[in-house]
Amino acid sequence: MSENVVPLHKPNDPPAEDTAPTVLTVVPDAPPARPVPLWVRSGRAVKTAVTHERTRSTGRAVARHASYTFNGGRIVARRTWDGRTGSRYERMIRAAEAAGNLEAAEEWEERLTRFRAARHHRRMDLLHSPVEAAKGVAVGAGMSIGTLVALGIVMALNTGHARDVVTPLDATIDFIALLIRIVQIVWGPALTIAPFLALLALWSVGRKQQAAPNWALPANVRNGEGEPITPSIVVKALRDLGVPALARAIKEMGDAGASMLGPITIAGCGVEVDVTLPSGVSTNEVQNKRRKLAENLTRHEHEVFITIPQAARTVRLWIADSGALDEPIGPSPLVTDETMTADYAKGKAPWGQDLRGDAAALSLYQRHLLITGLSNQGKTVALRSLALWLSLDKSVQFLMGDLKGVGDWAMFDGLATTLIQGPTDEHVIQVTEMVESAVDEMNRRIQAPPGTQFPPLIVLVDEAQVAFMCPAKDEDKRPYGGSKANSRYFMAVRKIHNQGRAVNVLMWQGTQDPTNENLPKLVREGAHTRASLALGTESQARMALGDKAVDGGAAPNLLRPGLDRGTLVVASDGITIPAGQSSITVRTHYIDDDAAKAITDRAKALRDGVTTLHAIERGEERDPLADIAAVIGDAPRVRTKDVLARLATRNTDAYGGWSFIDLKRVLDDAGAEPYKSDGVMVVARDRVARALANRDNEGSASADG
């Protein structure tokens with residue numbers, strides 16, 4: 001191989017200033033270009049032509065219109081056969097038998113008998129019709145000729161010309177001859193055009209029914225966006241689901257497969273239909289093929305929901321309008337109605353809308369609550385909206401722990417009795433002691449005289465998985481986290497779940513990504529209302545909602561993370577769930593931080609003032625009178641039982657076991673005795689403040705003396 005010596009510089013480059021020798025690069029000669037054979041170029045051209053979009057579009061168009069014509073002929077032939085025979089009735093009978101509806105089968109059999117009798121009568125009439133037709137033609141012709149001759153006689157008498165007698169007859173004969181001539185002229189072209197007209201008619205029928213392979217249909221039809229749901233579409237979707245027994249049953253029914261369907265009714269932003277499955281097909285076989293069913297219905301998977309109603313061997317399909325679930329719902333009534341108040345016992349929180357577009361409201365009365373889901377799916381906002389509504393009932397008290405600590409619950413400062421915010425182990429310890437103080441309050445209420453009414457106490461912990469996963473231990477080596485019998489947070493929650501409901505002490509928890517480690521089974525099963533946003537797996541869905549809800553069709557694991565933010569699957573007797581279903585899907589209202597602050601400002605205006613504690617004080621000598629003044633805050637008077645509850649929250653060790661007698665003793669000694677107001681015992685802020693001032697003055701005088 002020859003080699004070429006190529007200099008580093010181009011010919012027009014200036015010479016180098018240094019005197020170093022020029023470096024040369026040796027490159028081999030490029031091989032000569034070899035001509036491409038003609039057959040290779042032809043193959044490439046053919047391949048390009050075949051793969052060109054215009055070629056594919058033309059091929060699809062040819063196949064589509066040919067299929068329209070061919071399948072249109074099949075449709076017309078099928079309709080003709082159905083009209084001339086009893087096959088339609090026989091299909092209906094088979095469909096009714098397959099559905100187990102013997103009454104309908106008997107009715108269709110009776111109709112078939114009547115159809116066959118009428119057909120036999122028509123055929124017998126045809127045997128006598130030629131003779132009757134000949135007689136009719138003879139009589140008609142005779143009467144027509146007689147009429148024409150009579151008309152001619154009248155004309156002849158009128159004109160006086162005898163030849164006018166045959167004038168009407170001649171005119172009629174000439175007219176008939178003209179018609180024959182016209183037919184002779186048109187007959188040839190008509191015979192030529194008739195086949196094309198027939199093909200055009202068949203093509204029109206096939207085009208109207210879209211009788212062509214899906215790949216050959218136009219793009220807008222092939223995508224099926226916005227295609228209305230009809231019985232035939234549902235039956236075809238079920239037939240092509242890949243369940244052999246279902247496909248065979250529908251094939252035996254023929255076009256009568258629609259008899260499996262109940263009425264298709266409008267339900268919010270979609271439609272709903274009940275499908276009675278034929279014998280040999282179970283409901284879970286359809287449930288497990290939700291994605292394929294949705295695609296057969298030209299919908300996305302999240303736009304089709306399958307639930308199990310009360311009727312046996314039946315599935316209920318809710319099919320959304322294309323893209324409807326991606327549209328936001330309206331604002332919360334909490335934001336739009338500034339006069340709204342809440343009623344813990346009798347009211348329901350406006351949470352959002354169900355898939356039908358109806359308002360979804362949740363009763364919170366004596367129900368423990370658990371909301372879970374993946375991170376950043378709207379869990380805190382959904383939980384907070386319930387607390388915002390309940391804050392508008394001035395009798396409700398809150399103990400709150402936010403183990404995220406980014407200010408999502410900051411607007412409850414001045415509304416909640418305790419508000420602890422932060423993600424560290426120290427914050428978990430504080431939250432645990434807060435929950436334990438609620439347990440002490442619960443025990444105090446349980447020991448009260450029967451019939452005593454207690455205000456609602458909501459113990460709310462957001463990001464509860466942080467508490468369950470906390471590794472910290474106390475001085476007795478008892479862990480704060482975990483799920484063992486010595487776990488302090490776990491046992492405090494369990495105690496509230498066991499007995500708190502009876503005395504209106506309720507546990508609300510929000511947690512992420514549930515597992516057995518960060519959400520123990522006994523805790524999640526202790527909640528009366530369980531709701532879940534988007535999750536990753538079915539096993540997590542079962543942890544969040546329970547086996548019954550998931551087996552009944554609940555599938556938060558099929559929600560789209562990010563796209564279905566704020567959409568919850570709820571299992572609770574506190575919300576209206578359609579009969580036969582175990583859960584309901586709710587699209588919650590979004591309430592941002594500014595709107596939430598405005599709502600809490602309205603809630604604070606309803607109350608006498610609440611001093612919010614941001615830590616649990618412990619391990620120090622207490623001043624009971626000063627603590628009483630602190631928990632009263634700016635309110636002119638506070639009920640004695642509320643003072644006791646706030647003191648227990650302020651320091652469980654010092655005041656957790658206090659009763660009314662203990663509180664009265666301290667106040668009587670200080671000269672700030674409790675008194676009755678509107679039938680209830682209260683503590684006056686001014687009396688306590690005056691007692692503190694007098695005590696301080698006495699202390700100062702003693703010191704001066």
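These numbers come from a predicted model, not from an experiment.
- Here the shortest heavy-atom pairing between K404 and D408 reads NZ-OD2, 3.3 Å.
- Between the side chains of N504 and Q366, at least one donor N or O sits under 3.5 Å from an acceptor N or O.
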*Go through the steps to decide whether D601 and K597 satisfy the test salt bridge (Lys or Arg N to Asp or Glu O under 4.0 Å), and finish with yes or no.*
CA-CA 6 Å; D601 289 342; K597 187 177 185 304; 3.5 Å; yes
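- Not a single side-chain hydrogen bond (donor to acceptor under 3.5 Å, both in side chains) links S487 to another residue, sequence neighbours left out.
- In D592, the CG atom is crowded: over 12 heavy atoms of neighbouring residues, nucleotides or ligands sit closer than 6.0 Å.
- Side chains of T380 and D462: a donor on one and an acceptor on the other come within 3.5 Å.
- No side-chain donor from either of D513 and Q465 sits under 3.5 Å from a side-chain acceptor of the other.
- A donor-acceptor pair is defined here as one N or O able to donate and one able to accept, closer than 3.5 Å; such a pair exists between the side chain of W351 and the backbone of A382.
- For H497, the ring-ring contact (aromatic ring centres under 6.0 Å, His included) test picks out H368, with sequence neighbours left out.
- Residue K604 qualifies as enclosed at atom NZ: its count of foreign heavy atoms under 6.0 Å is above 12.
- Taking the side-chain hydrogen bond (donor to acceptor under 3.5 Å, both in side chains) definition, one finds that S391 meets it with nothing, sequence neighbours left out.
- V459 and M434 make their closest contact through CG1-CE, 4.3 Å (heavy atoms, listed as atom of the first residue, atom of the second, distance).
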*Applying side-chain contact (heavy atoms from CB on, under 4.5 Å), run through R637 and D678 and close with a yes or a no.*
CA-CA 12 Å; R637 64 187 63 84; D678 295 330; over 6 Å; no
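- Under the 4.0 Å criterion applied to side-chain N and carboxylate O atoms, E436 and K495 are not assigned as salt-bridge partners.
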*Using the side-chain contact (heavy atoms from CB on, under 4.5 Å) rule, take E426 and I429 through it: C-alpha gap first, then chi angles, then the decisive distance, then the call.*
CA-CA 5 Å; E426 178 57 31; I429 294 172; 4.0 Å; yes
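- Annotation: I446, atom CD1; neighbour count of heavy atoms from other residues, nucleotides and ligands within 6.0 Å is above 12.
- Across all their heavy atoms, F490 and P520 have their closest contact at CE1-CB, 3.8 Å.
- Remark: side-chain polar atoms of H589 are paired, donor with acceptor, to backbone N or O of G330 under 3.5 angstrom.
- At distances below 3.5 Å, not a single donor-acceptor pair connects side-chain atoms of T432 with backbone N or O atoms of Y489.
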*Can you check side-chain contact (heavy atoms from CB on, under 4.5 Å) on L334 and L392, steps first, answer last?*
CA-CA 10 Å; L334 289 171; L392 297 176; 3.8 Å; yes
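- Of the inter-residue distances, the one linking L362 atom CG with T588 atom OG1 reads 12.0 Å to the nearest 0.5 angstrom.
- Atoms CH2 and OG1, from W318 and T585 in turn, are 9.0 Å apart once rounded to the nearest 0.5 Å.
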_side-chain contact (heavy atoms from CB on, under 4.5 Å) for V638 and V683? Distances and angles first, verdict last._
CA-CA 5 Å; V638 179; V683 180; 5.6 Å; no
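- For the pairing with L369, the side chain to side chain contact (heavy atoms under 4.5 Å, CB included) check across L506, L386, L460 returns one residue only, L386.
- Listed by chain and residue number, nothing satisfies the salt bridge (charged side-chain N to carboxylate O under 4.0 Å, His left out) test with D393 (two or more places apart in sequence, or in another chain).
- Panel note: side chain T529, backbone S572; no donor-acceptor pair is recorded below 3.5 Å.
- With salt bridges taken as basic N to acidic carboxylate O contacts below 4.0 Å, none links R639 and D608.
- What you find for L415 and T612 is that their closest heavy atoms are N-OG1, 3.7 Å.
- In this structure the side chain of K641 reaches within 4.5 angstrom of the side chain of P455, judged on heavy atoms.
- Heavy-atom neighbours of D634 CG from other residues, nucleotides or ligands within 6.0 Å: at or below the threshold of 12.
- Judged by the 6.0 Å distance and 45° axis criteria, R290 is positioned over the aromatic ring of F305.
- Considering only heavy atoms from C-beta on, I306 comes within 4.5 Å of L317 through its side chain.
- Between E441 and R445, the shortest heavy-atom contact is OE2-NE, 2.8 Å.
- Taking all atoms of both residues into account, the shortest heavy-atom contact from R384 to F412 is CG-CE1, 4.2 Å.
- Formation of a donor-acceptor pair under 3.5 Å by the Q377 side chain with backbone atoms of G562 is found in this model.
- I584 meets the side chain to side chain contact (heavy atoms under 4.5 Å, CB included) test with D354, V570, I575, I577, P578, V586; sequence neighbours excluded.
- Annotation: side chain to side chain contact (heavy atoms under 4.5 Å, CB included) contacts of R542 (sequence neighbours excluded): E538, D547, V550, D551.
- Checking side-chain atoms of R687 against main-chain N and O of E673 turns up a donor-acceptor pair under 3.5 Å.
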*Step by step, would you call E525 with R530 a salt bridge (Lys or Arg N to Asp or Glu O under 4.0 Å)?*
CA-CA 9 Å; E525 291 185 350; R530 299 168 71 173; 5.4 Å; no
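- Ion pairing between D662 and R665 holds under the 4.0 Å rule for side-chain N and carboxylate O.
- In summary, D642 and R646 do not engage in a salt bridge, as defined by a charged side-chain N under 4.0 Å from a carboxylate O.
- Ring-plane geometry between Y655 and W658 is classed as perpendicular, the angle between the planes exceeding 60 degrees on a 0 to 90 degree scale with a lower cut at 30.
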